[in-house]
Visitor: 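Structure incoming, see below.
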Amino acid sequence: QLQFVESGGGLVQAGGSLRLSCAASGRSFRNAAMGWFRQAPGKEREFVASITWSGGTSYAADSVKSRFTISRDNAKNTVYLQMNSLKPEDTAVYYCAADLWGTGTAKGGNYEYWGQGTQVTVSS
C-alpha cells in the first residue's frame with residue numbers, strides 16, 4: 001500500500017519555475033517506478049514524466065522534455081518534478097503515481113497508486 005502527499009504547486013508567471021514533491025508512505029516505494037501526470041480543465045489526463053525504481057532511467061513527454069526533470073530520493077521516499085520555463089499551457093492539476101514493480105510507462109492505467117494532485121497555474 002502506498003499513499004502520497006504532494007506539494008509545491010502554485011501560481012507562477014510564464015517563464016518561471018516550480019518544484020513539485022511527492023512524499024510517499026509505505027515500504028513499497030523503492031519497488032515502484034514513479035510517474036507524474038497532469039490534467040487540465042476539459043482535457044484528458046496526460047503523461048508528463050516517469051522514472052524507474054532506481055532512478056537510473058527517466059522518460060518525459062516531448063512537450064516538456066527540455067524543461068522538466070524528474071528525480072527521486074529513495075532514502076526520503078520522495079519523487080520530484082522540477083519544472084522550468086513554464087508556459088500557460090502547463091496549467092493543470094499534477095498527480096504523482098506509482099507503478100509497483102513496473103518500468104515507468106506513459107500509460108496511466110499501469111499505475112496502481114495515485115496522489116491527490118496539486119494545482120499548477122501559469123499566468124501569461
Side-chain angles (χ1 to χ4, degrees):
Q1 188 80 10
L2 283 169
Q3 294 181 322
F4 304 108
V5 176
E6 296 161 342
S7 60
L11 174 64
V12 64
Q13 289 187 333
S17 298
L18 285 173
R19 187 194 197 201
L20 305 184
S21 298
C22 172
S25 60
R27 299 171 66 180
S28 298
F29 178 80
R30 301 181 185 192
N31 299 322
M34 295 296 298
W36 285 97
F37 292 79
R38 67 186 182 185
Q39 187 166 21
K43 295 186 177 181
E44 293 187 353
R45 181 181 64 196
E46 65 174 351
F47 170 77
V48 176
S50 64
I51 190 166
T52 54
W53 69 270
S54 67
T57 304
S58 62
Y59 308 92
D62 288 342
S63 59
V64 306
K65 192 170 292 184
S66 62
R67 302 182 294 120
F68 292 8
T69 302
I70 188 172
S71 62
R72 68 189 295 164
D73 185 339
N74 285 344
K76 296 182 178 179
N77 273 19
T78 302
V79 63
Y80 305 97
L81 185 68
Q82 178 67 44
M83 306 186 295
N84 299 327
S85 301
L86 283 160
K87 304 176 181 180
E89 52 262 43
D90 295 318
T91 294
V93 177
Y94 283 71
Y95 300 90
C96 65
D99 178 8
L100 197 59
W101 301 108
T103 58
T105 75
K107 297 181 180 180
N110 286 2
Y111 292 77
E112 298 93 347
Y113 302 100
W114 292 79
Q116 80 287 354
T118 185
Q119 177 70 46
V120 171
T121 303
V122 184
S123 63
S124 57

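In this text, all values refer to a predicted model and were calculated from it rather than measured experimentally. These values consider heavy atoms only, across backbone and side chains, with no hydrogens, waters or symmetry-generated copies.
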Visitor: Which pairs, with at least one residue in residues 52-62 and sequence neighbours excluded, count as a side chain to side chain donor-acceptor pair (under 3.5 Å)?
Guide: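 Side chain to side chain donor-acceptor pair (under 3.5 Å) check on residues 52-62 returns D62-K65.
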Visitor: Residues sharing V64's hydrophobic cluster, by side-chain heavy-atom contacts under 4.5 Å among ILVMFWY, directly or via others?
Guide: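 Answer for V64: L2, F4, V12, L18, L20, F29, M34, W36, V48, I51, F68, I70, V79, L81, M83, L86, Y94, L100, W101, Y113, V120, V122.
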Visitor: Quick one: closest heavy-atom pair of G104 and S50, and the distance?
Guide: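 Shortest heavy-atom contact: O-OG, 2.7 Å.
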Visitor: Hey, mind stepping through R30 and N77 against side chain to side chain contact (heavy atoms under 4.5 Å, CB included) and telling me if it holds?
Guide: CA-CA 7 Å; R30 301 181 185 192; N77 273 19; 4.1 Å; yes
Visitor: According to the interplanar angle, ranging from 0 to 90°, do the rings of F37 and W114 count as parallel (below 30°), tilted (30 to 60°) or perpendicular (above 60°)?
Guide: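 Judged by the thresholds at 30° and 60°, the geometry between F37 and W114 is tilted.
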Visitor: Begin with the C-alpha distance, continue with both residues' side-chain angles, and end with the deciding distance and a verdict on salt bridge (Lys or Arg N to Asp or Glu O under 4.0 Å) for R38 and D90.
Guide: CA-CA 9 Å; R38 67 186 182 185; D90 295 318; 2.9 Å; yes
Visitor: Out of curiosity, Q119 CD to L11 CG, how far, rounded to the nearest 0.5 Å?
Guide: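 Atom-to-atom, Q119:CD and L11:CG are 9.5 Å apart.
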Visitor: Return the minimal non-hydrogen interatomic distance between A98 and A32, and the atom names on each side.
Guide: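 Looking at all heavy atoms of both residues, the closest pair is CB-CB, 4.0 Å.
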Visitor: If you look only at pairs with a residue in residues 3-25, which of them pass as a side chain to side chain donor-acceptor pair (under 3.5 Å), with sequence neighbours excluded?
Guide: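 Listed once each, the pairs are S17-N84.
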Visitor: Indicate yes or no for a side-chain donor-acceptor contact from R72 to the backbone of G55 under 3.5 Å, with no hydrogens or angles considered.
Guide: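 No; judged by distance alone, with no hydrogens or angles, the pair does not exist.
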